[in-house]
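These numbers come from a predicted model, not from an experiment. To find a chain, count down the sequence lines: A is the first, B the second, and so on, and within it residues start at 1.
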There are 2 protein chains.
Amino acid sequence: MEVQDFLELFRKYLRTRGLYDTRARERVAAALFRSPGHVDAATLGHRLRQEGSPAAPATVYRTLELLVQAGLARKFVWNDRTLYEAALGRPHHEHLLCTRCGRIAEFHDAPLEERIAEVYEERGFRPTSHQVLLFGICPECSGE
Amino acid sequence: MEVQDFLELFRKYLRTRGLYDTRARERVAAALFRSPGHVDAATLGHRLRQEGSPAAPATVYRTLELLVQAGLARKFVWNDRTLYEAALGRPHHEHLLCTRCGRIAEFHDAPLEERIAEVYEERGFRPTSHQVLLFGICPECSGE
DNA sequence: GTGCATGCAAAAATTTTGCACATCA
DNA sequence: TGATGTGCAAAATTTTTGCATGCAC
């Protein structure tokens with residue numbers, strides 16, 4: 001999926017809600033989608049500044065929140081860090097976090113997802129989203 | 001498991017590390033263990049104040065961190081809230097969170113845990129801890 | 001033109017840190 | 001007694017909010 005397609009979806013979301021399609025919002029959205037992996041709000045703001053298209057922290061936060069609500073971004077918190085990642089064009093995945101080096105690895109596991117779906121059903125919860133965080137020591141760190 | 005047993009373990013942890021067994025630490029530890037479910041640092045501080053055994057915020061944070069390191073407490077973050085819970089005498093469990101009413105339900109699912117263990121193995125990570133957060137609408141909220 | 005969004009700065013909320021004094025072993 | 005912990009207050013973070021101005025529709 002291209003940045004343009006992503007932006008188009010964001011525009012559509014804004015339109016259907018009567019919200020404005022502004023430059024600041026497009027910049028923040030584009031910056032997020034161009035970011036591989038995860039970013040926090042401060043880093044995103046920093047990148048925008050470097051690109052010569054700064055956005056106020058408040059705007060970054062407000063836009064990221066919009067993107068999450070639109071289903072175009074995911075938000076997750078680890079170790080006091082609030083991270084965002086683009087949610088489209090990237091398959092759903094969970095995270096493996098190395099507590100020694102801080103590396104974050106992604107993985108997808110079908111049986112795990114299936115079991116999660118079953119848990120939802122058994123408990124009578126209607127699923128909206130979920131997140132699995134596996135903390136451990138990565139091969140590199142435990143091998144040395 | 002009784003509060004006293006829990007405290008004894010904490011004392012042992014402190015002793016083996018050459019740390020002091022102080023009143024403030026005992027109070028915070030006892031308050032955490034007496035708390036059903038989850039508490040945040042501010043709430044814990046509030047309870048201590050009500051009991052007439054106040055502890056400074058800094059002390060609450062420092063002690064909770066010790067308890068986590070000792071394996072006597074678990075820490076998890078949800079929706080910008082940092083929560084702590086006693087980790088002993090309570091079986092390991094995951095969380096189901098209702099995004100409508102804010103209720104937090106606990107569950108344990110053996111097949112899910114097994115699959116998680118397999119994921120660790122497949123990726124070569126040495127497990128330390130994990131957390132599964134399932135967001136959704138609880139039966140009460142979706143039924144009405 | 002009207003209304004929503006932005007940017008700024010101030011505020012809020014949360015957690016950490018420095019340091020003098022108190023406490024523990 | 002000497003090392004470690006506590007409390008306080010200040011600081012550092014991180015995120016939110018109020019409000020005047022600026023854009024989008």
Side-chain angles (χ1 to χ4, degrees), chain A residues 7-8 10-32 38-49 51-70 73-84 102, chain B residues 7-8 10-32 38-49 51-70 73-84 102:
Chain A
L7 289 179
E8 197 46 60
F10 188 36
R11 289 190 199 109
K12 185 174 292 179
Y13 174 82
L14 293 171
R15 236 179 288 134
T16 61
R17 301 230 155 189
L19 302 173
Y20 292 174
D21 175 21
T22 66
R23 275 181 213 158
R25 282 178 178 160
E26 296 240 342
R27 284 171 183 161
V28 174
L32 174 69
H38 327 82
V39 271
D40 58 38
T43 304
L44 211 56
H46 190 245
R47 282 191 200 154
L48 289 167
R49 225 169 300 128
E51 292 173 9
S53 56
T59 302
V60 174
Y61 282 106
R62 287 186 282 229
T63 305
L64 286 173
E65 206 47 51
L66 274 179
L67 287 163
V68 170
Q69 282 164 22
R74 285 190 284 261
K75 175 185 184 176
F76 79 99
V77 180
W78 173 53
N79 225 20
D80 309 325
R81 292 211 306 152
T82 302
L83 302 170
Y84 295 86
Chain B
L7 289 179
E8 197 46 60
F10 188 35
R11 288 189 200 111
K12 185 174 291 179
Y13 174 82
L14 294 172
R15 236 179 289 135
T16 62
R17 301 228 156 191
L19 301 174
Y20 292 174
D21 175 20
T22 66
R23 274 181 212 159
R25 281 179 178 157
E26 295 241 343
R27 284 171 182 163
V28 174
L32 173 70
H38 327 81
V39 270
D40 58 38
T43 304
L44 211 56
H46 189 246
R47 282 190 200 154
L48 289 168
R49 226 170 299 128
E51 292 173 9
S53 56
T59 300
V60 174
Y61 282 108
R62 288 186 282 226
T63 304
L64 286 172
E65 206 47 51
L66 274 180
L67 287 163
V68 170
Q69 282 165 21
R74 283 190 286 262
K75 175 184 184 177
F76 79 98
V77 181
W78 173 52
N79 226 20
D80 308 327
R81 292 211 308 151
T82 302
L83 302 170
Y84 296 85

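Within the 4.0 angstrom heavy-atom criterion, only backbone atoms of the sugar-phosphate kind lie near B:Asp21; the bases stay farther away. At the heavy-atom level, A:Pro57 lies nowhere under 4.0 Å from the strands shown.
Taken together, the paired segments of DNA chain D that extend over three or more consecutive Watson-Crick or G-U pairs, each closer than 3.5 Å at both contacts, are C:1-25 with D:1-25.
For DNA chain D, the outermost nucleotides in 5' to 3' order that have an atom under 4.0 Å from a heavy atom of chain A are D:dT14 to D:dC25.
Taking atom CZ of A:Arg49 as the reference point, atom P of C:dC8 lies 11 Å away to the nearest angstrom. Taking atom CD on B:Glu65 and atom C1' on C:dT16, their separation rounds to 11 Å, with Å as the unit.
The side-chain heavy atoms of A:His38 and A:Tyr84, taken from C-beta on, include no pair separated by under 4.5 Å.
Regarding contacts with the backbone of C:dT15, a side-chain N or O of B:Tyr61 is found under 4.0 angstrom from either OP1 or OP2.
A 6.0 Å sphere centred on CZ of B:Arg17 holds no more than 12 heavy atoms belonging to other residues, nucleotides or ligands.
Between B:Glu51 and B:Arg27 there is no salt bridge, since no side-chain nitrogen of the basic residue lies less than 4.0 Å from a carboxylate oxygen of the acidic one.
Where B:Arg23 and A:Pro54 meet DNA chain C, the nucleotide closest to each residue was compared, and A:Pro54 sits on the side nearer the 5' end. Mapping A:Thr22 and B:Ala41 onto DNA chain C by nearest heavy atom places A:Thr22 at the nucleotide closer to the 5' end.
A heavy atom closer than 4.0 Å to some atom of DNA chain C occurs in A:Ala24, A:Arg25, these being the qualifying members of residues 24-31 of chain A.
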